[in-house]
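A short write-up of the structure that comes next.
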2 protein chains.
Amino acid sequence: MEGSTPRGRTRIQKEKREVILEAALEVFSTNGFRGSTIDQIAEAAGMSKPNLLYYFRRKEDIHETLMHRLLETWLAPLKELDNIGDPMTELRGYIRRKLEMARDFPRESRLFANEILQGAPRIMAMLEGELKTLVDEKVDVIKGWMRSGKVVQADPWHLIFAIWATTQHYADFDVQVRAVLGPDRGGEGRFEDAARFLEQLFIEGLRPKS
Amino acid sequence: MEGSTPRGRTRIQKEKREVILEAALEVFSTNGFRGSTIDQIAEAAGMSKPNLLYYFRRKEDIHETLMHRLLETWLAPLKELDNIGDPMTELRGYIRRKLEMARDFPRESRLFANEILQGAPRIMAMLEGELKTLVDEKVDVIKGWMRSGKVVQADPWHLIFAIWATTQHYADFDVQVRAVLGPDRGGEGRFEDAARFLEQLFIEGLRPKS
DNA sequence: CAATTTTTTGACCGATTGGACAAACGTTAG
DNA sequence: CTAACGTTTGTCCAATCGGTCAAAAAATTG
């Protein structure tokens, strides 16, 4: 039965699909979609090309699965931005979470950046739908903070962009960051230095003048 | 004579090379290096593939020429950062210049981002050499400002990274920015909104507490 | 055990790609 | 005119690509 792509019913299918996705993340994130070949992914996954194509019928299916999974991970930190705690603490927490993601999931960040750079042909609907809705919602939260004087008046959309840009920079432009910092300053400590600087910049830049 | 690639001696050669580079910038910046084909570039340049290969013998030669030219443009704004004027005015000027470049030369920005994302295989030497030297030099300038109390104490390297990240974001992630802002807020005014926000963020974030 | 189903692979195919090449075309100088 | 040189293109090629397929090898089931 089931002549088409197996849908992860058996244990072995789930495992192999996982192995393929892990390998594909590695390959796609460093070469881009068009720059990656099925053979590369198959080799990284330790199987033959036809075997890989037994689990994912097309190259694009792998990419699509990867993107869908990625986007959930990607939106999580922003979803946590809540109206509950102290505004400045919330913002600091969001910056810290995003920077940790850049540090711990750089391949996911680069995969996402690759997609956006090429015009986001495969996830445009998601950007205009789910992402925009979520951002609109959080913008309202931030606007509330600004109205109540807990955060200085500023453009909330561009505040979010600035947080995205500065944190993801350490994943997407990692090579450049390390090259510029040099061997001594470019070690693992760079993320702590970045965290300190970004906290200072955003906290001082957004703290209401007392 | 001159059986090899013409070196732009004649007027027509210089012109055609220019046309090709312009077309290649368009194609490379939207598809990446491996995602672009010589045929695409040739068509965009309005000539046949063999004709294009008469001016640039290999696909990589076009890319290399483009990258070298790009890097000069790219470093220019930072070179202008001088010890002459008022520190805060200098920083504001640098941010403004970088944002203008993101607005006026988005293709160059995306080409550069593409290269860095893939590990900068072709320009690593430049990053560790010319770029690092320039940054080190400007870091010293900024350190001087901080010592004299004109700018608050902070990590100068990560300050530069933050400026790069926030400004280039509007070129590299333009699709996402426009999708999130929506049709009404995503018009041409977005660069002015961004400029206002970034000035506020960096100025307030770096102004010494009086 | 045998029968059946799932998993794996070698061989192959058509399309696309970067690039080579010689012939044709155009232009200019004598 | 002709000779020489610069420019353009049609044709071709080898390599690589995404993907197919039939058949072998494992695994599962009765």
Side-chain angles (χ1 to χ4, degrees), chain A residues 1-28 30-67 114 118 121-122, chain B residues 1-28 30-67 114 118 121-122:
Chain A
M1 256 341 123
E2 194 71 44
S4 59
T5 301
R7 296 185 186 160
R9 297 190 194 277
T10 74
R11 180 182 51 86
I12 194 171
Q13 282 170 357
K14 271 184 184 161
E15 285 175 5
K16 292 283 171 131
R17 280 187 140 243
E18 247 12 82
V19 171
I20 292 170
L21 288 173
E22 158 67 23
L25 174 60
E26 184 71 29
V27 175
F28 279 144
T30 54
N31 302 106
F33 180 76
R34 289 212 50 188
S36 306
T37 70
I38 299 184
D39 293 272
Q40 283 177 312
I41 301 172
E43 193 193 333
M47 62 181 72
S48 65
K49 179 169 68 170
N51 195 190
L52 183 147
L53 286 167
Y54 170 71
Y55 293 102
F56 290 91
R57 283 230 290 282
R58 295 177 309 153
K59 180 185 174 185
E60 223 182 327
D61 291 349
I62 311 176
H63 191 261
E64 192 187 317
T65 305
L66 225 41
M67 288 304 281
N114 249 309
Q118 326 249 312
R122 295 165 235 271
Chain B
M1 253 344 120
E2 194 71 47
S4 59
T5 301
R7 296 187 186 159
R9 297 191 195 276
T10 74
R11 181 182 51 85
I12 195 171
Q13 282 171 357
K14 272 185 183 161
E15 285 175 5
K16 293 282 171 126
R17 280 186 141 243
E18 246 12 81
V19 171
I20 292 170
L21 288 172
E22 159 66 25
L25 174 60
E26 184 71 28
V27 175
F28 279 145
T30 55
N31 302 106
F33 180 76
R34 288 213 50 186
S36 306
T37 69
I38 299 184
D39 293 273
Q40 283 178 312
I41 301 172
E43 193 193 335
M47 61 181 74
S48 64
K49 180 168 66 170
N51 196 189
L52 182 147
L53 286 167
Y54 171 70
Y55 292 103
F56 291 91
R57 283 231 290 283
R58 295 178 310 153
K59 180 185 174 186
E60 223 181 327
D61 290 350
I62 311 176
H63 191 262
E64 192 187 318
T65 306
L66 224 41
M67 288 303 283
N114 248 308
Q118 326 249 312
R122 296 165 233 272

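In what follows, every chain begins at residue 1, and chains take the letters A, B, ... in the order their sequences are listed.
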Of all residues at least two apart in sequence or in a different chain, which pass the side-chain contact (heavy atoms from CB on, under 4.5 Å) check with A:R58? A:E60, A:D61
Would you give the length of the straight line joining atom CG of B:L25 to atom OG1 of B:T65, rounded to the nearest 0.5 angstrom? 12.5 Å
I want to check something: taking the side chain as every heavy atom from C-beta on, are A:F33 and A:Q118 in contact at a cut-off of under 4.5 Å? no
Counting only side-chain N and O atoms of B:Q13, is one of them less than 4.0 Å from OP1 or OP2 of D:dT7? yes
Return the value, rounded to whole Å, for the distance between atom CZ of B:F56 and atom P of D:dT8. 14 Å
Just the rounded figure in Å: distance from P of D:dT7 to CD1 of B:I20. 11 Å
Separation of B:E15 atom CD from D:dG6 atom P, in whole Å? 17 Å
Any side-chain N or O of A:N51 below 4.0 angstrom from OP1/OP2 of C:dT9? yes
Listed partners of B:N51 passing side-chain contact (heavy atoms from CB on, under 4.5 Å), at least two apart: B:M47, B:S48, B:Y54, B:Y55
Taken in chain and number order and not counting sequence neighbours, the residues that satisfy side-chain contact (heavy atoms from CB on, under 4.5 Å) with A:E26 are A:R107
Which pairs with one or both residues in residues 31-43 of chain A pass salt bridge (Lys or Arg N to Asp or Glu O under 4.0 Å), sequence neighbours excluded? A:D39-A:K49
At less than 4.0 Å, is any side-chain N or O atom of A:K16 found next to OP1 or OP2 of C:dT8? Yes or no. yes
Less than 6.0 angstrom from the centroid, inside 45 degrees of the normal: does A:K16 satisfy that with respect to the ring of A:F56? no
Check this one for me: any side-chain N or O of B:Y54 less than 4.0 Å away from OP1 or OP2 of D:dT9? no
Working to the nearest 0.5 Å, report the span between CD of A:E22 and CD1 of A:I41. 12.0 Å
B/S/- contact track for nucleotides 22-28 of chain D, protein heavy atom under 4.0 Å: -------
Summarise how protein sits on nucleotides 15-21 of chain C as a single string, 5' to 3': B when a protein heavy atom is under 4.0 Å from the base, S for sugar-phosphate-only contact, - for no contact. --SBBBB
Do the non-hydrogen side-chain atoms of B:R122 and B:M67 ever get within less than 4.5 Å of each other? no
Distance, rounded to the nearest Å, where A:I62 contributes CD1 and D:dG19 contributes P: 9 Å
